[in-house]
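Just so it is clear, the model here is predicted, and its values are computed rather than measured. All values below were derived from every heavy atom in this structure, side-chain atoms included, with hydrogens, water molecules and symmetry-related copies excluded.
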Amino acid sequence: MVRSRARGWRSRERALSTMRPPLSVATGGFGIDFSQATEEVGSGVALVAQRILSHGVTSFCPTLVTSPPEVYHKVLPQIPVKSGGPHGAGVLGVHLEGPFISREKRGAHPEAHLRSFEANAFHDVLATYGPLDNVRIVTLAPELGRSHEVIQALTARGICVSLGHSVADLQAAEEAVQSGATFITHLFNAMLPFHHRDPGIVGLLTSDRLPPGRQIFYGMISDGMHTNPAALRIAHRAHPQGLVLVTDAIPALGLGNGRHTLGQQEVEVDGLTAYVAGTKTLSGSITPMDVCVRHFLQATGCSVESALEAASLHPAQLLGLEKRKGTLDFGADADFVMLDDSLHIQATYISGELVWQAEEARQ
């Protein structure tokens with residue numbers, strides 16, 4: 001557990017390990033769209049990785065939204081797993097959000113490119129994505145036919161399966177977890193709302209039908225737009241150890257108002273909210289991770305340590321990286337951030353090396 005504190009560095013700064021929650025997190029940022037099939041995807045990921053150091057991010061999972069197969073085949077080989085350093089945050093592997101999701105709950109994903117599993121389900125997955133060497137997470141809708149054999153095949157390869165963009169009832173969600181799924185993509189968003197007779201995917205937080213020893217993790221977009229503070233509190237109080245803060249950041253992060261791309265379509269940013277252009281459908285977030293942590297702390301009234309663990313220890317546990325990431329234990333990677341008492345980033349370290357420092361901290 002992350003409990004270490006450091007004193008003597010600009011009054012009472014806290015030193016706690018942190019990492020970018022790797023779930024449905026960044027489809028891009030600062031004008032870079034990871035789901036655009038260009039020859040410059042690698043350099044675009046590198047730019048985003050460098051820019052997010054100032055937000056306390058030491059590693060992350062670039063996300064591709066629903067796209068045609070040719071996009072995956074061209075883009076995925078350009079985003080290898082990579083250690084972080086002065087050049088930028090590390091890449092833990094790619095998150096594929098779609099195209100095997102529900103049409104009814106597709107959200108900002110383009111309907112024309114959605115797919116279902118056919119007779120040879122896992123073959124369809126490989127035909128769609130191409131090689132999975134650089135993939136760390138796949139989000140799918142568990143109610144799709146043959147999803148269980150896909151979940152089993154993905155988890156056998158060490159890929160985290162997340163449930164999302166779905167109309168699944170609780171039984172279907174529980175069966176998916178029994179097949180190997182361990183995560184929920186942005187809880188409450190793009191899924192059936194909670195109902196007392198069938199709470200749907202949300203019911204996994206308190207289900208008594210999960211395999212022995214299996215913990216379910218769930219992502220939440222704590223940007224003040226996607227999830228009401230009361231919903232944040234409900235989820236946190238129901239299952240605090242599984243909560244993972246995700247940014248769901250889109251290419252418009254850091255760009256301001258106007259029209260920007262998100263995969264195969266346009267989004268429009270108005271203030272703090274991004275919509276599919278011409279609609280009122282939310283299309284990801286433009287809020288960076290450090291702001292999400294501060295909002296989560298304020299909304300839930302949890303401890304500082306709990307808020308920071310939701311952005312560090314919990315995502316590390318989800319991906320089986322808790323021996324290296326999300327902790328300050330001996331032998332870990334020494335990725336950590338220095339924070340002032342209001343949780344603003346003062347400095348970011350990767351492998352014990354200073355990679356970013358706030359201007360006021362240099363004086």
Hydrophobic cluster identity match, Leu192 and Leu140, side-chain contacts under 4.5 Å:
no
Go through His226 and Asp223 one step at a time and tell me if the side-chain hydrogen bond (donor to acceptor under 3.5 Å, both in side chains) criterion holds.
CA-CA 6 Å; His226 279 77; Asp223 62 355; 2.8 Å; yes
Would a 4.5 Å heavy-atom cut-off, applied to side chains only, mark Gln178 and Pro211 as touching?
yes
Heavy-atom distance under 4.5 Å between the side chains of Thr247 and Phe60, does that happen here?
no
Closest non-hydrogen atom pair, His148 against Ala172
CE1-O, 4.3 Å
Identify whether the distance between the nearest side-chain nitrogen and carboxylate oxygen of Lys74 and Glu39 falls below 4.0 Å.
yes
Name of the residue among Leu187, Asn189, Thr287 meeting side-chain contact (heavy atoms from CB on, under 4.5 Å) with Ile221:
Asn189
Closest heavy-atom pair, Arg103 versus Arg106, reported as atoms and distance to 0.1 Å, is O-NH1, 2.8 Å
Distance (rounded to the nearest 0.5 Å) between Asp248 CG and Glu97 CD
6.0 Å
Distance in Å, Ile159 CD1 paired with Leu132 CG, rounded so as to fall on 0.5 Å steps:
4.5 Å
Quick one, Met225 and Ser285 - any side-chain contact, counting heavy atoms below 4.5 Å?
no
Please say yes or no: joined through hydrophobic side-chain contacts below 4.5 Å, possibly via intermediate residues, are Tyr218 and Ile101 part of one cluster?
no
Indicate the atoms forming the closest heavy-atom contact of Val57 with Ala89, along with that distance.
O-CB, 3.7 Å
Give me the atom names and distance for the closest heavy-atom approach of Ala181 to Leu163.
CB-CD2, 3.8 Å
So which atom in Leu245 and which in Cys292 form the shortest heavy-atom distance, rounded to 0.1 Å?
CD1-O, 4.2 Å
If you take all heavy atoms of Asp198 and Leu170, which pair is closest and at what distance?
OD1-N, 3.0 Å
Rounded at 0.5 Å granularity, tell me how far CG in Leu205 sits from CG in Leu210.
9.5 Å
Could you check whether atom CZ of Arg237 has more than 12 heavy atoms from other residues, nucleotides or ligands sitting under 6.0 Å from it?
no
Donor + acceptor pair across side chains of Glu143, Ser166 (<3.5 Å)
yes
What about Leu144 and Leu114, same hydrophobic cluster or not, with Ile/Leu/Val/Met/Phe/Trp/Tyr joined at side-chain heavy-atom distances under 4.5 Å?
no
Roughly how far, to the nearest 0.5 Å, is the CZ atom of Arg209 from the CD atom of Gln171?
6.0 Å
Residues that Arg294 engages under salt bridge (charged side-chain N to carboxylate O under 4.0 Å, His left out), provided they are two or more places apart
Asp290
Within 6.0 angstrom of Gln298 CD, more than 12 heavy atoms from elsewhere:
no
Check for a donor-acceptor pair, side chain of His165 on one end and backbone N or O of Lys105 on the other, with a separation under 3.5 Å.
yes
So Ile137 and Thr63, do their side chains get closer than 4.5 Å, heavy atoms only?
no
Find out whether Ser147 and Phe100 are in side-chain contact, i.e. whether some heavy atom of one side chain is under 4.5 Å from a heavy atom of the other.
no
Would you please say whether a donor-acceptor pair under 3.5 Å links the side chains of His95 and Thr139?
yes
For Thr185 and Ser162, indicate whether the former's side chain and the latter's backbone hold a donor-acceptor pair under 3.5 Å.
no
Group every Ile, Leu, Val, Met, Phe, Trp and Tyr by side-chain heavy-atom contacts under 4.5 Å, then state whether Ile234 and Val244 land in the same group.
no
Has the side chain of Asp169 got a donor or acceptor atom that lies under 3.5 Å from a matching backbone atom of Gly200?
no
If only atom types and distance count, is the side chain of Arg146 paired as donor or acceptor with the main-chain N or O of Asn120 below 3.5 Å?
no
Distance-only, no hydrogens or angles: does the Ser59 side chain make a donor-acceptor pair with backbone N or O of Gly90 under 3.5 Å?
no
Would the distance check show the side chain of Thr66 and the main-chain N or O of Pro110 forming a donor-acceptor pair, the cut-off being under 3.5 Å?
no
Check the pair Phe34, Val45 against side-chain contact (heavy atoms from CB on, under 4.5 Å), reporting the backbone distance first and the verdict last.
CA-CA 7 Å; Phe34 300 151; Val45 171; 3.6 Å; yes
When you compare the side chain of Trp356 with that of Ile52, does any pair of heavy atoms fall below 4.5 Å?
no
Quick one: does any side-chain atom of Ser35 pair with a main-chain N or O of Val65 as donor and acceptor, under 3.5 Å?
yes
Grouping I, L, V, M, F, W and Y whenever their side-chain heavy atoms are under 4.5 Å apart, do Val161 and Val167 come out in a common cluster?
no
Which residue pairs pass the side-chain hydrogen bond (donor to acceptor under 3.5 Å, both in side chains) test with at least one member in residues 123-136, sequence neighbours excluded?
Arg115-Thr128
side-chain contact (heavy atoms from CB on, under 4.5 Å) assessment of Asp340 paired with Glu360
CA-CA 11 Å; Asp340 64 19; Glu360 61 269 24; 5.7 Å; no
Yes or no on side-chain hydrogen bond (donor to acceptor under 3.5 Å, both in side chains) for Gln36 and Thr38, after CA distance, side-chain angles and deciding distance?
CA-CA 6 Å; Gln36 292 288 327; Thr38 71; over 6 Å; no
Arg214 versus Thr182: any side-chain heavy-atom pair under 4.5 Å?
yes
Could you tell me whether a side-chain N or O of His113 sits under 3.5 Å from a main-chain N or O of Pro69, the two making a donor and an acceptor?
no
Determine yes or no for a side-chain-to-main-chain donor-acceptor pair under 3.5 angstrom, with Ser207 supplying the side chain and Gly203 the backbone.
no
Would His236 and Phe296 count as a side-chain contact (heavy atoms from CB on, under 4.5 Å) here? Give the steps.
CA-CA 10 Å; His236 179 254; Phe296 176 70; 3.6 Å; yes
Below 30° counts as parallel, above 60° as perpendicular, anything between as tilted: where do the rings of Phe217 and His314 land?
tilted
Just grab all the side-chain hydrogen bond (donor to acceptor under 3.5 Å, both in side chains) pairs involving residues 40-51, residues at least two apart or on different chains.
Glu40-Ser43
Any donor-acceptor N/O pair, Thr348 side chain to Leu53 backbone, under 3.5 Å
yes
Could you check if a side-chain atom of Leu154 sits within less than 4.5 angstrom of a side-chain atom of Val135, using non-hydrogen atoms only?
no
Approximate separation, where rounding is to 0.5 Å, of Leu319 CG and Leu92 CG
6.5 Å
Steps toward side-chain contact (heavy atoms from CB on, under 4.5 Å) verdict (Thr58, Phe336)
CA-CA 7 Å; Thr58 61; Phe336 61 94; over 6 Å; no
Enter the distance from Cys61:SG to Leu96:CG here, rounded to the nearest 0.5 Å.
10.0 Å
